[in-house]
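See below for the structure under consideration.
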Amino acid sequence: CEIYSDVDGVHTADPQVISDAKRIDALSYDEAEDLARAGAKVLHRDALAWARRHGVALYARSSFVPEGQGGTVIRLNPPERLRSVVAVVGRRDLVRVQSVNIESVEDALSEVACVSRTETREGVEWLFSKEDVAAVETLCEQLSSQGADVDPACGSVTVIGSGLGEDSDAYGIIRAHFSGLPSRMGTFGWMALVPVDRVDELTCVLHRTLIESEP
């Protein structure tokens, strides 16, 4: 399946934020889905999940590039890379909800596509995107009235890659920059919650250190 837009594939960061962002030639379904969940806008997470289930390779290409040239392919087994880090994604559209009244919050969020749900010492934390909610202010007021702690202006920076915990160099760099920030590491990504005004700064620093430098 070839998907054409005004963007020449998936990049190592948002080119509007980082001018040196590079196009990624190939991604696995897992990496592409994590990029979409982290806030990358090129492909929708539901399209990626459907393609994975049915074994369909996706080609993200630009309408302004000659047919068949450039772009990014998302498929089952992409070629191995020299480095573990694939991309750095920043986003500024998250709402963070923390509560011990788990049932009432989950009822309120029953039709919201949550980015994550994490059990903490203070109860449960949910993250969702403002873009996925039609009346976000009304929802936040409802959650606050139920005793939930709501942060309607939360940002995140996510480092996407496989084996981040096994790559001692990448692990040390990410850990140092995420120090003091709420963070969580999964199989294909390590995300930290940051103030919205720090998203671009941290994204640039991590991209320069983990991707622009020589492997």
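These figures come from a predicted structure and were not determined experimentally.
Looking at Arg23 and Thr72, their side chains never bring a donor and an acceptor atom within 3.5 Å of each other. Arg208 and Ser213 share no donor-acceptor pair across their side chains, judged by distance under 3.5 Å alone. Between the side chains of Asp167 and Ser84, at least one donor N or O sits under 3.5 Å from an acceptor N or O.
Below 30°, between 30° and 60°, or above 60°: for Trp190 and Phe178 the angle between ring planes is above 60°, a perpendicular geometry.
Counting all heavy atoms, side chain and backbone alike, Ala113 lies closest to Arg45 at CB-NH2, 3.3 Å. In plain terms, the two heavy atoms of Asp8 and Gly71 that are nearest each other are OD1-N, 2.9 Å. Considering every non-hydrogen atom in both Ile18 and Ala13, the closest pair reads CD1-CB, 3.6 Å. Scanning all heavy atoms of the two residues, the minimum distance from Thr12 to Ala21 falls at OG1-CA, 3.5 Å. In terms of heavy-atom proximity, Tyr29 sits nearest to Leu48 at CD2-O, 4.4 Å. In terms of heavy-atom proximity, Ile74 sits nearest to Ser28 at CG2-O, 3.9 Å.
A distance of 11.0 Å separates CD of Glu103 from CD of Gln146, quoted to the nearest 0.5 Å. To the nearest 0.5 angstrom, Ile211 atom CD1 is 9.0 Å from Leu206 atom CG. Distance OG/Ser183 to NE2/His177: 13.5 Å, rounded to 0.5 Å. Distance CD/Glu80 to OG/Ser162: 9.0 Å, rounded to 0.5 Å. Ser144 OG to Leu139 CG: the interatomic distance, rounded to the nearest 0.5 Å, is 9.5 Å. From Leu35, atom CG reaches atom CZ of Phe188 across 11.5 Å, with rounding to the nearest 0.5 Å.
Val95 places a side-chain heavy atom less than 4.5 Å from the side chain of Lys130. No side-chain heavy atom of Ile24 sits under 4.5 Å from any side-chain heavy atom of Glu31. The shortest distance between side-chain heavy atoms of Arg61 and Ser5 does not fall below 4.5 Å. Inter-residue side-chain proximity for Ile160 and Val85 is flagged as unmet; no heavy-atom pair is nearer than 4.5 Å. Looking at heavy atoms from C-beta onward, Trp50 lies in side-chain contact with Val56 at the 4.5 angstrom threshold. With a 4.5 Å cut-off on side-chain heavy atoms, Glu106 and Trp126 count as touching. Residues Tyr59 and Ile3 form no side-chain contact, since every pair of their non-hydrogen atoms from C-beta on lies 4.5 Å or further apart. A 4.5 Å side-chain heavy-atom check between Tyr4 and Ser62 finds every atom pair outside the cut-off.
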- Message: Between Val97 and Glu125, does the side chain to side chain contact (heavy atoms under 4.5 Å, CB included) criterion hold? Intermediate values first, please.
- Response: CA-CA 6 Å; Val97 181; Glu125 175 197 88; over 6 Å; no
- Query: Can Ile174 and Leu210 be said to form a side chain to side chain contact (heavy atoms under 4.5 Å, CB included), step by step?
  - Reply: CA-CA 9 Å; Ile174 300 168; Leu210 295 169; 3.8 Å; yes
- Task: Show your working on side chain to side chain contact (heavy atoms under 4.5 Å, CB included) between Arg75 and Leu58 and close with a plain yes or no.
- Result: CA-CA 7 Å; Arg75 57 188 179 85; Leu58 294 177; over 6 Å; no
- Kindly determine whether Leu27 and Val86 satisfy side chain to side chain contact (heavy atoms under 4.5 Å, CB included), including the steps that lead there. CA-CA 9 Å; Leu27 289 165; Val86 176; 3.5 Å; yes
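Around the CZ atom of Arg184, the shell of radius 6.0 Å holds more than 12 heavy atoms that belong to other residues, nucleotides or ligands.
Using a 4.0 Å cut-off between charged side-chain N and carboxylate O, Glu131 and Lys41 make a salt bridge.
Screening Val105, Leu109, Leu127, Ile102 for a side chain to side chain contact (heavy atoms under 4.5 Å, CB included) involving Arg117 leaves a single residue, Ile102.
When hydrophobic clusters are built by joining Ile, Leu, Val, Met, Phe, Trp and Tyr residues whose side-chain heavy atoms come closer than 4.5 Å, directly or via intermediates, Leu94 is not grouped with Val112. Clustering ILVMFWY residues whenever any of their side-chain heavy atoms sit less than 4.5 angstrom apart, transitively, puts Val10 in a cluster other than the one holding Val17. Residues Val73 and Leu76 are members of separate hydrophobic clusters, defined by side-chain heavy-atom contacts under 4.5 angstrom among Ile, Leu, Val, Met, Phe, Trp and Tyr. A continuous path of hydrophobic side-chain contacts links Val159 to Tyr171 [ILVMFWY only; heavy atoms under 4.5 Å].
A donor-acceptor pair under 3.5 Å links the side-chain atoms of Ser145 to the main chain of Gln142, judged by distance alone. In this structure a side-chain-to-backbone donor-acceptor pair under 3.5 Å is missing from Ser179 to Ala176.
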Distance-only criterion, 3.5 Å: show the donor-acceptor pairs between side-chain atoms of residues 191-205 and protein atoms not counting sequence neighbours.
| unit_1 | atom_1 | unit_2 | atom_2 | d |
| --- | --- | --- | --- | --- |
| Asp200 | OD1 | Arg92 | NH2 | 2.2 |
| Asp200 | OD2 | Arg92 | NH2 | 3.2 |
| Thr203 | OG1 | Val199 | O | 2.7 |

